[in-house]
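This report refers to the structure that appears directly beneath it.
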Amino acid sequence: MVINIEYYTITTLPTKLKEWAFDLLKSNMENLYKGSNLGWNSKQKRQEMNDKDCKYLIASNNEKPIGFAMFQFTWEETMADDDKEIEVIYCYEIQLAEEARRKGLGTFLMRTLENIGKNWKMNKVMLTTFKKNKLAMDFYINRLGYQIDEISPSEVLLPKEAKDYDYEILSIKL
């Protein structure tokens with residue numbers, strides 16, 4: 001299998017690929033969102049995926065898209081006393097078609113984001129994942145070495161308060 005990775009900004013991403021990415025995300029994640037405190041909102045998710053700062057890595061095999069990572073360069077707060085914000089590369093989405101899973105593509109896309117972040121002198125790669133998405137939690141923490149970030153609800157709130165949040169913010173320092 002030969003994989004081609006192409007980089008797009010939201011303004012250069014062809015409409016056909018935008019629709020494909022949304023459809024893949026919906027297929028993979030709609031039920032998880034519906035079972036969460038966030039719920040599923042197609043209109044809101046489309047807006048997020050079309051934000052002016054979105055960047056995409058699209059993975060294709062024989063010109064057929066099979067996965068993508070959507071990310072942004074942004075600032076995130078820290079728990080430092082001075083309310084310091086740091087530059088991070090935030091992975092908002094990483095989605096793979098069923099036939100592309102468990103073949104190293106997810107790892108490759110995440111490591112590529114880490115390399116992009118290092119190149120641009122970012123402090124971390126960050127992402128959010130549902131706690132009940134055990135495969136994703138295992139992938140990020142045990143396979144890639146990400147940790148629960150210092151600003152994740154489970155880290156900053158009392159356990160009684162944190163249980164109301166069904167996601168974790170994960171990160172890896174660059």
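The main-chain N or O of Lys132 is never found under 3.5 Å from a side-chain atom of Asp166 such that the two would form a donor-acceptor pair. Checking side-chain atoms of Asn62 against main-chain N and O of Lys64 turns up no donor-acceptor pair under 3.5 Å. Side-chain atoms of Arg101 come within 3.5 Å of backbone N or O of Leu96 as a donor-acceptor pair. With hydrogens and angles disregarded, no donor-acceptor distance shorter than 3.5 Å links the side chain of Ser27 to the backbone of Asp23. Formation of a donor-acceptor pair under 3.5 Å by the Asp149 side chain with backbone atoms of Ser171 is not found in this model.
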*asked:* If you apply the rule side-chain contact (heavy atoms from CB on, under 4.5 Å), what do you find for Phe108 with Ile5, and how did you get there?
replied: CA-CA 10 Å; Phe108 182 81; Ile5 307 289; 3.8 Å; yes

_Verdict with supporting geometry, Asp53 and Thr74, side-chain contact (heavy atoms from CB on, under 4.5 Å)_ = CA-CA 9 Å; Asp53 295 322; Thr74 189; over 6 Å; no

*When you look at Val125 and Leu174, which way does the side-chain contact (heavy atoms from CB on, under 4.5 Å) test go after all the steps?*
CA-CA 7 Å; Val125 174; Leu174 301 177; 4.0 Å; yes

*asked:* Please determine whether side-chain contact (heavy atoms from CB on, under 4.5 Å) holds for the pair Leu127 and Tyr146, giving the CA-CA distance in whole Å, both sets of side-chain angles, and the decisive distance to 0.1 Å.
replied: CA-CA 10 Å; Leu127 59 95; Tyr146 282 65; 3.9 Å; yes

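Each of Ser154, Pro153, Pro159 was scored for a side-chain contact (heavy atoms from CB on, under 4.5 Å) with Leu157, with one residue passing: Pro153.
Looking at heavy atoms from C-beta onward, Thr78 lies in side-chain contact with Glu150 at the 4.5 angstrom threshold. Counting heavy atoms from C-beta outward, Trp120 and Ile89 have side chains that stay 4.5 Å or more apart. Side chains of Lys55 and Leu113 form no contact here, defined as non-hydrogen atoms less than 4.5 Å apart. Residues Ile94 and Tyr140 are in side-chain contact: their nearest non-hydrogen atoms beyond the backbone lie under 4.5 Å apart. Contact of the Ile148 side chain with the Leu170 side chain is registered, since non-hydrogen atoms from C-beta on lie closer than 4.5 Å. No side-chain heavy atom of Ser152 sits less than 4.5 Å from a side-chain heavy atom of Tyr165. At a threshold of 4.5 Å between non-hydrogen side-chain atoms, the residues Tyr56 and Lys18 do not count as touching. In this structure, the side chains of Tyr90 and Glu76 come closer than 4.5 Å at one or more pairs of heavy atoms.
Under the 30°/60° scheme for interplanar angles, the aromatic rings of Trp20 and Phe68 are found to stand perpendicular.
Annotation: ring-ring contact (aromatic ring centres under 6.0 Å, His included) contacts of Trp75 (sequence neighbours excluded): none. Considering only residues two or more places apart in sequence or on other chains, Glu87 meets the salt bridge (Lys or Arg N to Asp or Glu O under 4.0 Å) condition with none of them. Remark: Lys34 engages Glu30 in a side chain to side chain donor-acceptor pair (under 3.5 Å) (not counting sequence neighbours). For Phe139, the ring-ring contact (aromatic ring centres under 6.0 Å, His included) test picks out no residue, with sequence neighbours left out. Every ring-ring contact (aromatic ring centres under 6.0 Å, His included) that Tyr33 has, sequence neighbours left out, goes to Trp40, Phe130. Residues satisfying the side chain to side chain donor-acceptor pair (under 3.5 Å) criterion with Thr15, sequence neighbours excluded, are absent altogether.
In Arg143, the CZ atom is not crowded: 12 or fewer heavy atoms of neighbouring residues, nucleotides or ligands sit closer than 6.0 Å. Within a 6.0 Å radius of NZ in Lys173, other residues, nucleotides and ligands contribute 12 heavy atoms or fewer. Heavy atoms of other residues, nucleotides or ligands lying less than 6.0 angstrom from CD of Gln147 number 12 at most.
Nearest heavy atoms, Asn61 versus Val2: OD1-O, 3.0 Å. Nearest heavy-atom pair across Leu25 and Glu93 is CD1-OE1, 3.0 Å. Listed here is the closest heavy atom pair of Ala136 and Thr129: CB-OG1, 3.5 Å. In plain terms, the two heavy atoms of Ile66 and Ala100 that are nearest each other are O-CB, 3.7 Å.
Glu6 and Ser60 share no donor-acceptor pair across their side chains, judged by distance under 3.5 Å alone.
For the atom pair CZ of Arg46 and NZ of Lys26, the computed distance is 7.5 Å after rounding to the nearest 0.5 Å. One distance of note links CD of Gln47 with CG of Asn41; it measures 8.0 Å at 0.5 Å rounding. Between atom SG of residue Cys91 and atom CD1 of residue Ile172 there is a gap of 12.5 Å, rounded to the nearest 0.5 Å. One finds the CG atom of Leu32 at 16.0 Å from the OH atom of Tyr167 (value rounded to the nearest 0.5 Å). In this structure, Ile169 CD1 and Lys124 NZ are separated by 9.5 Å, a value rounded to the nearest 0.5 Å. Rounding to the nearest 0.5 Å gives a distance of 5.0 Å between OG1 of Thr107 and CG of Leu144.
Using a 4.0 Å cut-off between a side-chain N of Lys or Arg and a carboxylate O of Asp or Glu, Glu19 and Lys16 do not qualify as a salt bridge.
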